[in-house]
Amino acid sequence: MDNTRTTSKIQELTYELKIKDVMIKNIKTVNSEMSICSLGDFLKKNRITGVPVVNEDELVGLISIEDFINCIKNQDKDAIINDKMTTNIETLYEDEPLVHAITKFDKSGFGRFPIISRKNKKLVGIITKSDIIRGILKKLETAYHDEEERRYRASHIFNDIVADEVFFKFQYDVEAKNFDKAGEAATGLKKTLYRLGLSPEIVRRAAISTYEAEINIVSYTDGGKITAYLEPHQIRIVITDIGPGIPDVEKAMKPGFSNAPGWIRELGFGAGMGLPNIKKFTDKMTLRSTVAKGTRLVIIIKLSDYRNGD
Amino acid sequence: MVNLKDIVQKLDLKVVSGDIDREVSGGYSSDLLSDVIANAQKDNIWITLQTHINIVAVANLQELAGIILVNGRQPEEITLKKAEQENIPLLLTELSTFEIVGKLYELGIHGNKG
Amino acid sequence: MKLIKIQELLEAEAVTGKYDPEIEIEIGCSSDLMSEILAYGKPNSVLLTSLNNIQVINTANVADIGVVCFVMGKIPDDKMINLAKINNITLLTTILTTFESCGRLYKNGLKSCSYLD
């Protein structure tokens, strides 16, 4: 980022942000009858260097730690706030842009300004230079995160990349018979697709169908691979395994058909619903199998939009 | 005790086998046969989505009042044959496990106490 | 139905620690076969199951099911609890049976997921 751009971004923010966005709202106030000695304790206790003076809801002045120090220096210990406070105070409205506060700080040399409501002129907050810096930094951080998220979105990436063919490839190895690790590919893919900004419904369909395919690899084969390709208009998932193959593909696709061994059934699978489920959640499904060699399943989920639900 | 005939009528269950004039002591819902063998009690009505022939053997063993197959499932042919042979009531519903159990519960059939 | 209400009706304990009791759960579903849940389960539901292994958590995760209640006093192991926490899934456990749990929730107005949808 070059310097001029940074400067202008901050300048932009000082117009965009309102005083009420950065001011301190839960403010302490003091009464003008308070003694200067008590003021010292009050400032110390609240860790502040100045405080608005309010009598019956009305802002009457401002008193700071400097006024307190001057009193001590002059041995003026019996004074009350009313004698020492600044009454010639300048205020700002809460709905003014931040830049007004900055200009006022520059001109006046004051350390703080009370903020009042335009409606009833009541005190609603206080602002110091450090509140302004904190507010701008916070806004910059949010803006940076938003920009990062936006850049990450799959739709955005596809729009930015210039090529005749673009896809992202995510590959997962699936171990045979390892029921503890089964599901890691599907949940990994789910997280990845979601992070890339695909809609929750699309992500869910891809995750469920991949999960069923993964369970099949773990349950029936000697291991395999799941490779997902995120393309501009679809997700294509290729599932291959080394295994016994499926002798009768048509029969295997029938809901309820299963030759699952007992251990799979007791684990909550093997009811002959896996392949029908994959079909249910995908737009296209192609299954090719060679007995004693393995099975290749290709599923496609079309993308209607890329965004996370919003 | 609730009569199975009343249940069939009130919940619009389709009877495909067995004599339904019998009493139901409570309900048990599970899709794991080993769990049913371990925990179902005599005269329970069993709710499951399993259609495998082994469900008849389990119902027989536990002397269950009947089996309700959920989510529109049809018993396998061999299961049906066996159920007829053993006089086990097989009942069908389009409803989910959650819903049919809920409706049975409203008829006064409760789960077994642990 | 608020999650806290479900917990009360089922006399259930939360095993994943802190959770938001105000979460609205719209649908109840129950099965011990995970493919059934994958097929008909809906987001915003509570899954009641007696199956107790890591695949229950994976199933809830891929199907966007936020709450799982294990019945008959089954307590998930640490690996399951950790996986659930990472994926923001609340795990409950009750001593009631599946039948009693479904019955109580249905009677108190929780809706069911359906294969007819």
Side-chain angles (χ1 to χ4, degrees), chain A residues 172 174 178-194 198-216 218-219 226 237 255-258 260 263-282 301 308-309, chain C residues 16 23-24 26-27 29-45 47-72 74 76-89 91 98 113-117:
Chain A
Y172 306 88
V174 183
N178 190 343
F179 214 70
D180 285 340
K181 286 184 83 180
E184 287 182 2
T187 52
L189 180 63
K190 177 183 176 172
K191 207 171 171 182
T192 305
L193 295 178
Y194 193 80
L198 278 83
S199 81
E201 182 54 27
I202 293 285
V203 174
R204 186 172 184 267
R205 288 169 58 202
I208 291 178
S209 40
T210 304
Y211 181 54
E212 287 282 15
E214 185 177 2
I215 291 287
N216 281 347
V218 174
S219 304
I226 295 177
I237 306 169
F257 173 81
S258 172
W263 68 272
I264 294 172
R265 288 179 195 265
E266 289 300 317
L267 286 169
F269 289 90
M273 295 176 70
L275 291 176
N277 263 359
I278 293 171
K279 193 171 176 173
K280 176 181 165 153
F281 287 104
T282 54
I301 295 168
N308 274 337
Chain C
T16 29
I23 295 175
E24 277 292 336
E26 291 165 20
I27 292 165
C29 55
S30 175
S31 185
D32 305 318
L33 284 189
M34 293 302 102
S35 293
E36 187 81 353
I37 300 304
L38 294 168
Y40 308 121
K42 296 266 178 325
N44 282 341
S45 47
L47 164 62
L48 298 146
T49 189
S50 70
L51 195 69
N52 184 8
N53 67 48
I54 194 105
Q55 298 313 329
V56 178
I57 313 297
N58 284 331
T59 296
N61 187 6
V62 298
D64 290 333
I65 290 171
V67 184
V68 178
C69 182
F70 295 94
V71 300
M72 304 214 311
K74 300 216 159 83
D77 63 28
D78 290 348
K79 209 177 148 200
M80 291 164 71
I81 293 173
N82 282 337
L83 190 61
K85 278 184 183 165
I86 291 168
N87 292 295
N88 213 8
I89 299 165
L91 302 184
T98 299
C113 52
S114 167
Y115 91 107
L116 300 169
D117 293 347

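A quick note: this is a predicted structure, and the numbers were derived from the prediction, not measured. Quick note on labels: first sequence line is chain A, next is B, and so on, each numbered from 1.
A 6.0 Å sphere centred on CG of Asn82(C) holds more than 12 heavy atoms belonging to other residues, nucleotides or ligands. Around NZ of Lys280(A), the count of heavy atoms belonging to other residues, nucleotides or ligands within 6.0 Å exceeds 12. The 12-atom threshold is not exceeded at NZ of Lys191(A), counting heavy atoms of other residues, nucleotides or ligands nearer than 6.0 Å.
Proximity to chain C is limited to the side chain of Tyr211(A), based on heavy atoms less than 4.5 angstrom apart. Residue contact with chain A, scored on non-hydrogen atoms closer than 4.5 Å, is absent for Ser31(C). Only the side chain of Ile54(C) comes within contact range of chain A, with at least one heavy atom under 4.5 Å from a heavy atom of that chain. For Ile215(A), the part sitting under 4.5 Å from any heavy atom of chain C is the side chain, from C-beta outward, and nothing else. Looking at Phe281(A), the atoms closer than 4.5 Å to chain C (heavy atoms on both sides) all sit in the side chain, from C-beta outward. Heavy atoms of Leu33(C) lying under 4.5 Å from chain A belong to its backbone as well as its side chain. For Arg205(A), no part lies under 4.5 angstrom from a heavy atom of chain C.
Using a 4.5 Å heavy-atom threshold, the side chains of Asn61(C) and Lys190(A) count as touching. In this structure, the side chains of Asn277(A) and Met34(C) stay at 4.5 Å or more apart for every pair of heavy atoms.
Shown here are the salt bridge (Lys or Arg N to Asp or Glu O under 4.0 Å) partners of Glu36(C), two or more places apart in sequence or in another chain: Arg73(B).
The choice from Ile57(C), Asp32(C), Asn53(C), Leu83(C) that makes the most heavy-atom pairs within less than 4.5 Å of chain A is Asn53(C). Most heavy-atom pairs under 4.5 Å with chain A: of the set Val56(C), Asn52(C), Thr59(C), this distinction falls to Thr59(C). Top candidate by heavy-atom pairs under 4.5 Å with chain C, chosen from Ala206(A), Ala207(A), Gly272(A), is Ala207(A).
Judged by distance alone, the side chain of Asn58(C) and the main-chain N or O of Ala182(A) form a donor-acceptor pair under 3.5 Å.
Across every non-hydrogen atom of Leu51(C) and Glu266(A), the tightest pair is CD1-O, 3.5 Å. When all heavy atoms of Ser35(C) and Gly274(A) are compared, the closest pair comes out as OG-N, 4.4 Å. Minimum interatomic distance between Ala39(C) and Met273(A) (heavy atoms only, all atoms of both residues): CB-CE, 4.2 Å. Taking each heavy atom of Phe179(A) and Gln55(C) in turn, the nearest pair found is O-NE2, 2.7 Å.
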